[in-house]
Student: 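The structure under discussion is supplied below as structure tokens; questions concerning it will follow.
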Amino acid sequence: MTGAIDMFKSKIIIAAFAALAGLASVPAIAAEAGPRPERQPWSFAGIFGTYDTNQLQRGFQVFREVCASCHGAHLISFRNLAEPGGPSFSEEQVKALAAEYQIADPTAEGGLRPGIPADRWPSPFANEQEARAAMNGALPPDLSVMAKARGVSDPFPTWVFNYFTAYQEGGVDYLHALLTGYRDEVPATAPEGFELLEGQYYNEYFPGHAIGMAPPLADGSVTYTPGEDGVTVPETLEQYATDVSAFMMWMAEPHLVSRKQTGFVVLLFLIVFAGLMYGTKRKLWKGIEH
Amino acid sequence: MATHSEHSSTNRRDFLYVATGAVGAVGAASVVWPLINQLNPDASTLALASIEFDVSSIPEGQSVTITWRGLPVFVRHRTAAEIEEARAVPLSDLKDPETDEQRTKPGHEQWLIMIANCTHLGCIPVGEAGDFDGWFCPCHGSHYDSAGRIRRGPAPLNLVVPPYEFVSDTLVQIG
Amino acid sequence: MSEHSTYTPGTAVEKWLDDRLPVVRFAKEHLMDFPTPKNLNYWWTFGAILVMCLGVQIVTGVILAMHYTPNVGLAFDSVEHIRRDVNGGRIIQAVHAVGASMFFVALYIHMFRGLFYGSYKAPREIIWILGVLIFILTVATAFMGYILPWGQMSFWGATVISNIFSAIPLIGENIKQLVLGGFAVGNPTLNRFFSLHYLLPFVIAAIVALHIWALHVPGNNNPIGVEVKDGRDTVPFHPYYTMKDLFAMVLFMIPFAWFVFFAPDILGHPDNYIMANSQVTPAHIVPEWYLLPFYTILRAIDFNILFIDSKLGGVIAMGGALVMLLIVPWLDTGKVRSGTFRPVFKWFFALFTINFVALTYLGAQPAEGIYVVLAKVCTAIYFLYFLVVLPVLSRIEVTKPLPTSISESVLGKANA
């Protein structure tokens, strides 16, 4: 009887806990942010989600051939590309890749030397001024943690459910929506009456809609190297956007796979241990009216 | 004193307690380990534990100092005279007996690669100095010969040769 | 304290130690044999859970400080370095960040438990006041910790909150500069907040010790609020409550682990993954959820009261909300402690709890339209509860008859 009551009490506590934790969300309403980006079926979504190696390799190709010509990713090292849980290129591939880049090094002759796997991904511009000068005054942001630096806001009660489904793909959904959210062909045309300045483009999902980045991707703009599995994917804007968004998620959260794996062990342990603790506690309190 | 039924119930209770305690101990240990392991060198440090260096740009009779695992490392392109001088020294003259062959790689005897900290108290010796045509440590007066071996002074050991190998004729991988 | 000395040194060595430094005696009396009411429910386990939370934050915090760099140019990247390169760093950092939220979940539950069961009433006023002090220090610590990753929310949170000081008449601007070490949030601010963020948890730990010391003078309150009469009402703390508290801790770790391993960033804000930039304000600045109720009260005062302008008024209201907690032992003077036996109080307590949740919710909403009105109403309810409801109820409420003792109460429950 006391056991049942205890269980009941703990249920109340868990419920109260969940309710309180639920408050933690900050359902901010972004002005003019456009429609909510559509949720994509990411391979890394949910508690069982892991990265798709082939997708990350394709995404890296898009990142390297397109994004990296304007955007930096200074928190990424070449060696990360060979680490488990990521694009998993071989050590040799990464070494060869790094050597293709010239890295600024004051100790080297002429201040430049070929890259090694330990080097960070080189930025396309030396500093902010140079970037703005080249980019018509706009500053292409660093993409290292971009997938986590953007988010979506869900209305009540969706944001409460997000706590239980561990939905953390708002940022990457936004990136995918942004990349596919340009209106019409290049140059983008804004809807009737919308003022665009020189060098701006209309994007459905960008806050304020006037974005300084020209549509970076179009059907066929990147020719994919065949993946290890030999599966070919369509070379379309949609596919590029999906792949590069997934790659950006990996850049922002490189240890996602091992983190979730550890999580399963920890949760399983805690549940078993809680069961044992409960049994012990009950045995101990047996015979004491409380 | 205990009746049989009480006795067996005591056993069952004990088993539960022991099981709970054992599982708890396993849990505690697996929490403690990552808290200690975080002190170990991190991935960015380990990535530089092994470096590659191209020796081809060092002319004969010159040396450069490079950094490996945070330590200064001498890479010297020795002259034939230096090599000959080092080989002529009888082992009995040495405080820390080591042949010149033991301190270099076969086929690459002209390259002497050593950690540049004096084995006495860690200063960096000055090159092409001292009484033995090698290095001289100005801190406490240790003299090293042209194979980096200790010849006179307070240092107990030869300059340390790090683990390295030639991956090609001119490319050496240290560490 | 010494009235129930149960320790007799067994060996000569134990006796020798006991005569010089009676730590074993102390541990036995206060951690093992301490007579504890046997009817405590699971709401009482949150004290132990909070000790665990403090321990987790201190241990993970000391570790993070080994890898973190408190400099405006390096702080953001050093946190990413922890997440990416340090062995197990992603988990340790997530435990610390999620741990802050978990700490406040437990803290609020612990406080609301005290408010419902009248744990602040005589002779436990000092325990309660020390507890409120711990709460305020924890808020300060959490706030300063949130600055350290040096993201956009860190920077703008610090900017907004430090402007509270400038509300003080005459010397406000000087105090603000004193706190920031400059005219705006910058490197000196980051450095001193890092120093204080490291220091305060140990101050908190010291006050926790006082909190428990004060608790061990009268002993625990309990769900029926009737003081312990004799030994039949109590059980020794160990093993009965050590086991129960440990069980509750393990249970508490389950949602904790869920967030750490499966949703480490869901409690945070995406803007904090953008490095601090003094030239760009994020579209919506919101404090961390645990500060929202007080943030709502701060914002609710958007009108001048006599010679007090709205800014100072907001600060006074927010400070007042904390003062209410400090003086509640003298606002609610009724003899019956437990809300269980107070039929009218129960309903007002429920209203107060819902109101507090509403204050939290409103803090995250933009200050416009209906939210402005609701914020004012909820703020008013908060203060009315303390200043009117509690004093009046403690005089006029007809309470239910109390059991004569804890043992009678639990026997009644068992027979029912």
Side-chain angles (χ1 to χ4, degrees), chain A residues 1-2 6 9-10 12-14 16-21 23-31 33 47 74-75 80 141-142 144-146 148-151 162-163 166-168 170-171 207 252-255 258-260 262-264 266-267 270-271 273-274 277-278 280-281 284-285 288-290, chain C residues 38-43 45 77 80-81 83-84 90-91 94 101-102 105 108-109 235 239-240 243-244 246-248 250-255 257-267 269-275 283-284 286 288-290 292 357 360-361 364-366 407 410-411 413-414:
Chain A
M1 189 57 215
T2 48
D6 281 348
K9 287 177 190 159
S10 24
I12 297 180
I13 291 177
I14 292 166
F17 201 119
L20 265 165
L23 291 172
S25 158
V26 180
I29 299 153
I47 59 170
H74 77 287
L75 295 169
N80 296 142
D142 190 278
S144 314
V145 286
M146 189 52 81
K148 292 200 290 188
R150 296 292 182 269
N162 289 347
Y163 282 63
Y167 172 74
Q168 297 217 95
E253 192 66 32
H255 300 308
S258 69
R259 190 189 76 212
K260 287 180 184 174
T262 315
F264 279 109
V266 170
L267 273 188
L270 284 175
I271 289 163
F273 191 39
M277 289 293 291
Y278 181 66
T280 301
K281 185 251 158 196
L284 191 70
W285 280 80
I288 291 183
E289 296 297 344
H290 65 282
Chain C
K38 59 186 188 180
N39 60 338
L40 301 187
N41 57 33
Y42 272 97
W43 298 113
T45 59
D77 286 2
E80 275 300 318
H81 160 72
R83 290 199 183 102
R84 286 161 193 273
R90 183 64 185 105
I91 308 296
S101 281
M102 291 294 140
V105 168
Y108 279 127
I109 293 176
V235 289
Y240 294 98
M243 281 317 291
K244 188 172 176 177
L246 278 170
F247 167 58
V250 175
L251 226 45
F252 186 82
M253 281 187 233
I254 291 173
W258 172 266
F259 283 116
V260 166
F261 291 102
F262 296 114
D265 293 311
I266 211 166
L267 298 166
H269 198 288
D271 277 316
N272 230 27
Y273 275 106
I274 304 170
M275 192 169 146
H284 296 280
V286 267
E288 291 293 86
W289 69 269
Y290 39 81
L292 291 175
V357 173
T360 309
Y361 178 76
Q365 302 309 315
S407 46
V410 296
L411 281 176
K413 200 165 81 185

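Just so we're on the same page: letters track the sequence lines, and every chain starts at 1.
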Student: So which residue, A:Ala166, A:Gly263, A:Ala149, ends up with the most heavy-atom pairs under 4.5 Å with chain C?
Tutor: A:Ala149

Student: When rounded to the nearest 0.5 angstrom, what is the spacing between CG in A:Asp142 and CG in A:Leu75?
Tutor: 6.0 Å

Student: Got a sec, which residues hit salt bridge (Lys or Arg N to Asp or Glu O under 4.0 Å) with C:Arg90, two or more places apart in sequence or on another chain?
Tutor: A:Glu253, C:Asp265

Student: Heavy atoms only, distances under 4.5 angstrom: which of C:Ala257, C:Pro264, C:Ser407 has the most pairs with chain A? Name it, please.
Tutor: C:Pro264

Student: For A:Tyr167, check ring-ring contact (aromatic ring centres under 6.0 Å, His included) against everything at least two apart and list the hits.
Tutor: none

Student: Is there a side-chain contact between C:Phe261 and A:Leu267 in this structure, where contact means two heavy atoms from C-beta onward sitting under 4.5 Å apart?
Tutor: no

Student: I need the residue from A:Gln168, A:His74, A:Met277 with the largest number of non-hydrogen atom pairs under 4.5 Å to chain C.
Tutor: A:Gln168

Student: Quick one: what part of C:Ile254 sits under 4.5 Å from any heavy atom of chain A, side chain, backbone, both or neither?
Tutor: both

Student: Heavy-atom pairs under 4.5 Å with chain A - which of C:Val250, C:Leu246, C:Asn272, C:Ile91 has more of them than the others?
Tutor: C:Val250

Student: Looking at C:Glu80, C:Lys38, C:Arg84, which makes the most heavy-atom pairs under 4.5 Å with chain A?
Tutor: C:Arg84

Student: Please flag which part of C:Val235 lies under 4.5 Å from any non-hydrogen atom of chain A: side chain, backbone, both or neither.
Tutor: side chain

Student: Chain C heavy atoms under 4.5 Å from A:Asn162: which part of the residue, side chain, backbone, both or neither?
Tutor: both

Student: When you measure from the side chain of C:Trp289 to the backbone of C:Leu267, do you find a donor-acceptor pair of N or O atoms at a distance under 3.5 Å?
Tutor: no

Student: Taking the six-membered ring of C:Tyr240 (Phe, Tyr or Trp), confirm whether the NZ or CZ of A:Lys281 is under 6.0 Å from its centre and within 45° of its axis.
Tutor: no

